[in-house]
Amino acid sequence: MKSSIHALLTKALENLVSRGVLESVPAEETIQVERTRDPSHGDFASNCAMMLCKSAGMKPRDLAQQIIDSLPGSHWIQEVSIAGPGFINFRFSSSAWHAEIRRVLEEGVSYGTSHLGKGKQVLVEFVSANPTGPLHVGHGRHAAYGASLANLLEAIGYDVRREYYVNDAGRQMQILAVSLWLRYLELNKVAAALPENAYQGEYIIDIARDLQAEHGDSLVRDPSGLPTVADAEDKETALSDLIAACQKLLGEDTFRIVQDKALDAILSDIKDDLSEFGVVFDRWYSERSLSETGAIDRALEKLQANNHTYIKGGATWFRASDLGDEKDRVVVRDNGQTTYFASDIAYHLEKRERGFDILLDVLGADHHGYIARVRAGLEAMGEPPASLEVKLVQFVSLFRAGKKEQMSTRSGQFVTLRQLREEVGNDAARLIYVMRSNDQHLDFDLELAKSQSSDNPVYYIQYAHARVASVTRQLHEKGYRWDPESGLSSLHALETPHELALMKTVTRYPEMVETAAMNRAPHMLVHYLRDLANDFHTYYNAHQFIVEDQALRDARISLINTARQVIANGLGLLGVSAPDTM
RNA sequence: GCGCCUGUAGCUCAACCGGAUAGAGCAACGGCCUUCUAAGCCGUAGGUUGCAGGUUCGAGUCCUGCCAGGCGCGCCA
């Protein structure tokens, strides 16, 4: 509906250009059309006269009048007027609303989808948590946000792929391997201290048990010669020494067996967890594979070929500061190993090589330092830096009975995503996670999420859906049958304020999907669905749907079914179920 | 010290690239179940949008400077 006004305005402006009133038709995005907040202003408003008055050398209201005079006729438009400083207000005829309501029922599950993003490929990378332990509640927010965002982008026509970058290389994996092996020694009654800065979590013991079942005591070695971490001044360095000593003691192949055991166990747990949460990925991209496939070498060669590197102190540096980063970055250490950053830009280069137009990364707020350097990397490799789009997700604080819970992965003290899901349910978790803007800290209150009350928006929205289903059941019990065609041709019978309001909210859905997707803001959809549910509940309380008059009954049932359809579609994009009974 | 995010009703938050009178929920108070699910609805009350300037027809939104909170600034990943 919005786009039809947009089209009318564009036509009018073209007419004015041909008559010499305006110099040129402005760019598409400068012609803004918005829903009005106040119904007395009509249904839609445009500020284009105010935007263009300066270049036209006219007063805004005079230009607005000229634009109105140049509008092509349309039987959808009932009234056009000038208001305030120069707004052009449009009011749709009831037949226009009825046509849109018909569309909802005809298009069904695909109502709200569009082709805005057609032909563009987007790679949404999200979660990408280190596979060193189970996902916790913070990762859950990334999962819910990324999945909803990907769904939204898909709904407006983008070709979307979802990817999880698996950090299966590097120091954290080595610490994990050592932690597992020490736990395994424990199970084999060999005394060995687990350093406090190793992974302490209970889940490591479970994996150690598996390792023992598979390998018996064949991986046991005498740990007495290993360095201790506990008394060391610098515990991180001491831990590195311990890693090196373990690698030597076990041998590279055996160490790898232990490490891969930990990786496989944890990764498969993460996969199960996410899949149960309704979050699926097209690909789990191994960091390790980047060096194996030569992607890192390709990236480094590109940097060198474009003269963006230099050698200092035996290391290879990338001149990131030339391209907007705050300092230069090491890509190859003096010991010849490439850095995590080298993998990172190689991964992003590889995404571009696969043909993605938009590289959309969902990252934790603590990663904001990456943006400048990865963009610099892309630019240095000859890729457009703007192709990288980063959405930062702020932290989640978990509250139980008004008390904040502390979390730390290494110490093993955290609430896992799985525990959260079991406690509050997938639906409540998915919705509450995306209810707030991504750059807003989220206070996740467990008691609130569990409460089956109006505090809890998920129930409120689902309840609206269930009520429509319930009305349909009642309808059949009373021996009636809903005739959609009769309902749609009787929509003129719906003229109470509640009915008109619901009609307008329902038909706002396609615009909402578009806005939420373009703003990368699933929370806008949540707020919309709450509004819609509110309009429905209000209507439900004010009027009886199952009435004697067949035309009126069919019209009302048709209308509430469009609300049901839109709620189902919207919740679907958010990964939340739309139950028929509650 | 530098950088990113945040600051809106008692609390948790909205406000669609700057739009018309800043909106919801919770909490508080008062009403609505012999009628399709009361997990609901209606009403009342609640604001100098952290502070001070600036930009313009118009600023919660943009710019500058302060104040407060969170996070980040490794040849870690």
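Below, chain A is the first sequence line, B the second, and so on; all start at residue 1.
Comparing B:G50 with B:A9, their P atoms sit 8 Å apart, to the nearest whole Å. Comparing the C1' positions of B:G60 and B:U48 gives an interatomic distance of 13 Å, to the nearest angstrom. Comparing B:G3 with B:U44, their C1' atoms are spaced 47 Å from each other, to the whole Å. Comparing the P positions of B:C5 and B:G18 gives a spacing of 16 Å, expressed to the nearest Å. Taking the P atom of each, B:U61 and B:U49 are spaced 10 Å apart, rounded to whole Å. B:A28 sits 8 Å from B:A45 when the C1' atoms are compared, rounded to a whole Å. Taking atom C1' in both B:C13 and B:G47, the straight-line distance is 15 Å, to the nearest Å. Distance check on atom C1': B:G46 versus B:A52 gives 27 Å, rounded to whole Å.
Atom pair A:His523:NE2 and B:U12:C1' shows a separation of 14 Å (rounding to whole Å applied). We find that OH of A:Tyr460 is positioned 13 Å from C1' of B:A38, with the value rounded to whole Å. Remark: C1' of B:C71 and CG of A:Leu442 are 16 Å apart, rounded to the nearest angstrom. Following rounding to the nearest Å, A:Asp344 (CG) and B:C75 (P) show an atom-to-atom distance of 15 Å. Separating the CE atom of A:Met51 from the C1' atom of B:G19 is a distance of 10 Å, rounded to the nearest angstrom. When the P atom of B:G72 is taken as reference, atom CZ of A:Arg329 falls 15 Å away, rounded to whole Å. Put simply, CD1 on A:Ile31 is 15 Å from C1' on B:C17, counting in whole angstrom units. In this structure, A:Leu532 atom CG and B:G25 atom C1' are separated by 17 Å, rounded to whole Å.
Among the atoms of the strands shown, base atoms are found under 4.0 Å from some heavy atom of A:His41. Using a 4.0 Å heavy-atom criterion, one finds that A:Asp38 contacts the bases of the nucleic acid, with or without backbone contacts as well. A:Thr538 comes within 4.0 angstrom of sugar-phosphate atoms only, judged by non-hydrogen atoms across all strands, and of no base. Contacts of A:Gln440 with the nucleic acid, taken as non-hydrogen atoms under 4.0 Å apart, involve only primed sugar atoms and P, OP1 or OP2. Within the 4.0 angstrom heavy-atom criterion, base atoms lie near A:Thr581. Heavy atoms of A:Gly86 sit nowhere under 4.0 angstrom from any nucleic acid atom. A:Gly170 comes within 4.0 angstrom of the backbone, heavy atoms only, and of no base. Within 4.0 Å (heavy atoms only), A:His543 reaches at least one base atom of the nucleic acid. Residue contacts for A:Ala542: at a heavy-atom cut-off of 4.0 Å it reaches no nucleic acid atom on any strand shown. Within 4.0 Å (heavy atoms only), A:Gln394 reaches sugar-phosphate atoms of the nucleic acid but no base atom. Residue A:Phe341 is classed as having no contact, given no heavy-atom separation below 4.0 Å to the nucleic acid. Residue-level contact check: A:Ala169 touches the backbone only, with heavy atoms under 4.0 Å from sugar-phosphate atoms and none from bases. Residue A:Ala45 is classed as a base contact, given a heavy-atom separation below 4.0 Å to a base. In this structure, A:Arg37 reaches the sugar-phosphate backbone alone: every heavy-atom distance under 4.0 Å involves primed, P, OP1 or OP2 atoms, never a base.
Nearest nucleotide to the A:Lys54 side chain, out of B:C57, B:C73, B:C36: B:C57. Closest to the side chain of A:Met524, from the set B:C16, B:U6, B:C36, is B:C16. Among B:C17, B:C75, B:C36, the nucleotide with an atom closest to any side-chain atom of A:Gln32 is B:C17. Across B:C16, B:A14, B:C75, the shortest atom-to-atom separation from the side chain of A:Arg436 is found for B:A14. With B:C73, B:C71, B:C75 as the choices, the nucleotide that has an atom nearest any side-chain atom of A:Trp317 turns out to be B:C75. Side-chain proximity of A:Ser437 to B:A14, B:C36, B:A20: nearest is B:A14. The side chain of A:Arg530 has B:A24 as its nearest neighbour among B:A38, B:A24, B:A39. Listed candidates were B:U6, B:A20, B:G74. Nearest to the side chain of A:Asp439 is B:U6. Of the listed nucleotides (B:A39, B:A20, B:C76), B:C76 has the atom at the smallest distance from the side chain of A:Arg333. Of the candidate nucleotides B:A14, B:G40, B:C36, B:C36 has the atom lying nearest to any side-chain atom of A:Lys478.
With no hydrogens or angles considered, no side-chain donor-acceptor pair links A:Asp535 and A:His498 at under 3.5 Å. No side-chain donor-acceptor contact under 3.5 Å links A:Ser289 and A:Glu292.
Under the Watson-Crick and G-U wobble criteria, each requiring two contacts below 3.5 Å, nucleotide B:A38 is left unpaired. Nucleotide B:G1 is matched to B:C73 when pairs are restricted to Watson-Crick or G-U wobble geometry with both distances under 3.5 angstrom. In this entry B:C16 has no Watson-Crick or G-U wobble partner, no candidate having both defining distances under 3.5 Å. Of all nucleotides present, none satisfies the Watson-Crick or G-U wobble test against B:A59 with each distance under 3.5 Å. Taking a pair to require two hydrogen-bonding distances under 3.5 Å in either a Watson-Crick or a G-U wobble arrangement, B:C29 pairs with B:G43. Searching all strands for a Watson-Crick or G-U wobble partner of B:A68 with both distances below 3.5 Å returns B:U6.
Between B:C2 and A:Lys327, no contact under 4.0 Å exists linking OP1 or OP2 to a side-chain N or O.
A:Asp531 contributes no side-chain N or O that forms a donor-acceptor pair with the base of B:A14 under 3.5 Å. No hydrogens or angles were tested; on distance alone, a donor-acceptor pair under 3.5 Å links the side chain of A:Asn541 to the base of B:G40. If you check distances only, the side chain of A:His368 does reach the base of B:G3 with a donor-acceptor pair under 3.5 Å.
For B:C33, the glycosidic angle deviates from 0 by 90° or less, giving a syn base.
Annotation: A:Tyr539 is in aromatic contact with A:His543 [ring centroid separation under 6.0 Å]. Between A:Tyr433 and A:Phe444, the gap from one ring centroid to the other is short of 6.0 Å. Aromatic ring centres of A:Tyr460 and A:His537 lie closer together than 6.0 Å.
The stacking criteria are not both satisfied for A:His441 over the base of B:G70, which would need a centre-to-centre distance under 5.5 angstrom and an angle between ring planes under 30 degrees. Judged by centroid separation below 5.5 Å and plane tilt below 30°, A:Phe87 stacks onto the base of B:A20.
Using a 4.5 Å cut-off on side-chain heavy atoms (C-beta onward), A:Glu125 and A:Val362 make no contact. The side-chain heavy atoms of A:Tyr310 and A:Phe318, taken from C-beta on, include no pair separated by under 4.5 Å.
For the residue pair A:Tyr347 and A:Glu163, the shortest heavy atom distance occurs at OH-OE2, 2.7 Å. Between A:Met435 and A:Val526, the shortest heavy-atom contact is CG-CG1, 4.0 Å.
The cationic group of A:Arg553 lies under 6.0 Å from the six-membered ring centre of A:Tyr480 and within 45° of the ring axis, placing it in a cation-pi geometry.
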